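Because the structure is predicted, anything quoted here is derived from the model rather than measured.
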Amino acid sequence: MEQRQLEFFVAVAEELNFTRAAKRTHAVQSTVSASIRALERDLGTPLFDRSTTRVTLTDAGRALLPEAKNALESLDLARAAVGNAGLGLRGSLRVGTLSGLTAVDLPGLVGDFRERHPGVRLTMTVAAEGSSGLLEKLRSHQLDVAFVGVDTLAVDGIDLTPLATFQPRLLVSENHPLAGTATVDPGALADEPFIDLPAGYCNRVRSDNDFRRAGLTRSIVVEVTDLTTVPSYVAAGLGVALVPPLRAEAGARVVPVDLDPPATPWTLAVARPAAIPPSRAVRAFLDLIPPHTATTSEY
């Protein structure tokens, strides 16, 4: 098993496309394909299921991926130990994030990382399924690190580092009957139309769980994928929302109302797969997050 074979394997496993993997590794596609076939013969099992439309990892391929990445990381560390550290970090870093995230200055963070480590190919991804989709991509090794919203720090297969905790409360338009009240019982909201994120997004999951535990149901009339757009929909009188304090509320004609009992808070965290140790690129990225994270209760 050669280093180049492992590099080709990791590239195909992450891209799930032989053409993109060849471009990423600066090789011709036939070389990548031949190398993968040779690796499969050496291991005695297929690593990929191939069809005319898609490439997917087999169980054996999924088992090999973290070990292959560990092996390549060990080789990289060995080279650095004998004097190649001056060449800087190399490889790839795949980062997942949430729409409308402002608590972390992502442009500043990415710019800082790229300036320090220009040899690392960094890509940013937003999952259509929100935090649940990002967590699944981490478990399947399609991402290396992600910013996620969670209502617990005990998530199977994931290492989580909390960055900020947010307390949701009710948001209503300024002419809503509840706009002048100090607090409201969630039971009084059963007939209200709600604006929320799609299923799978942390804010939606948390609110659904709160209402379910209270034996209540609610009607979602508008779904948006960016939490920061919620105040404009509330201001338009389309419904109420359960959201944490949002910077986007400034200037919007909306009023926050506390819930009694309070809603369950949720946490913005940086996540990575727990099954494999972080690569040098991941560690370098993680080290840069705190200086680019605001100390705030606003999302």
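In this structure, D287 does not pair ionically with R283, as no charged nitrogen and carboxylate oxygen lie closer than 4.0 Å. Looking at R62 and E67, no side-chain N of the basic residue comes within less than 4.0 Å of a carboxylate O on the acidic one, giving no salt bridge. The pair D144-R94 meets the salt-bridge criterion, with a side-chain N (NZ, NE, NH1 or NH2) lying under 4.0 Å from an Asp/Glu carboxylate O. Salt-bridge check for R218 with E192: failed, with every basic side-chain N at 4.0 Å or more from each acidic carboxylate O. One finds no salt bridge joining R24 and E7 here, because no Lys/Arg side-chain nitrogen approaches an Asp/Glu carboxylate oxygen to under 4.0 Å. Contact check on E14 versus R121 returns no salt bridge, with no Lys/Arg side-chain nitrogen under 4.0 Å from an Asp/Glu carboxylate oxygen.
At least one side-chain heavy atom of S51 sits under 4.5 Å from a side-chain heavy atom of R54. Counting only heavy atoms from C-beta outward, the side chains of C202 and V148 never approach each other to under 4.5 Å. Taking 4.5 Å as the limit, some side-chain heavy atom of W266 sits within range of a side-chain heavy atom of P244. Side-chain contact between D260 and V184 is absent, with no heavy-atom pair separated by less than 4.5 Å. A heavy-atom distance below 4.5 Å is not found between the side chains of T161 and L286. Here the side chains of N203 and V243 are in contact, with some heavy-atom distance below 4.5 Å. The side-chain heavy atoms of L43 and L64, taken from C-beta on, include a pair separated by under 4.5 Å. Under the 4.5 Å side-chain criterion, counting only non-hydrogen atoms from C-beta, L178 is in contact with L170.
In the displayed structure, E2 atom CD is contacted under 6.0 Å by at most 12 heavy atoms of other residues, nucleotides or ligands. Open room surrounds CG on D191; 12 or fewer heavy atoms of other groups in view lie less than 6.0 Å from it.
Separation of atoms CZ (F48) and CG (L16) is listed at 7.5 Å; rounding is to 0.5 Å. Note: L268 CG to L101 CG = 5.5 Å, rounded to the nearest 0.5 Å. How far CG of L160 is from CD1 of I158: 7.0 Å, rounded to the nearest 0.5 Å. Note that the CZ atom of R247 and the CD atom of E298 stand 6.5 Å from one another [nearest 0.5 Å].
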ring-ring contact (aromatic ring centres under 6.0 Å, His included) between Y233 and F194, intermediate numbers included: CA-CA 10 Å; Y233 289 91; F194 274 84; over 10 Å; no
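Residues A281 and L89 share a closest heavy-atom pair of CA-CD1, 3.8 Å. The two residues V172 and A179 come nearest to each other via the heavy atoms CG2-CA, 3.9 Å.
Under the 4.5 Å side-chain heavy-atom criterion for ILVMFWY residues, a single connected hydrophobic cluster contains both L135 and L98. Linking Ile, Leu, Val, Met, Phe, Trp and Tyr residues whenever their side-chain heavy atoms come within less than 4.5 Å places L143 and L109 in a single cluster.
In this structure a side-chain-to-backbone donor-acceptor pair under 3.5 Å is missing from D105 to T293. Between the side chain of N209 and the main chain of V205, a donor-acceptor pair closer than 3.5 Å is present. Under the 3.5 Å distance criterion, the side-chain polar atoms of R20 are matched with a main-chain donor or acceptor of E15. No donor-acceptor pair under 3.5 Å is formed between the side chain of E129 and the backbone N or O of L134. For Y201 (side chain) and A128 (main-chain N/O), a donor-acceptor pair under 3.5 Å exists by modelled atom type.
Side chain to side chain, T58 and D49 fail the donor-acceptor criterion of an N or O pair below 3.5 Å.
Remark: H292 engages no residue in a ring pair (Phe, Tyr, Trp, His ring centres under 6.0 Å) (not counting sequence neighbours).
Between F166 and Y299, the ring-plane angle classifies as perpendicular under the 30° and 60° cut-offs.
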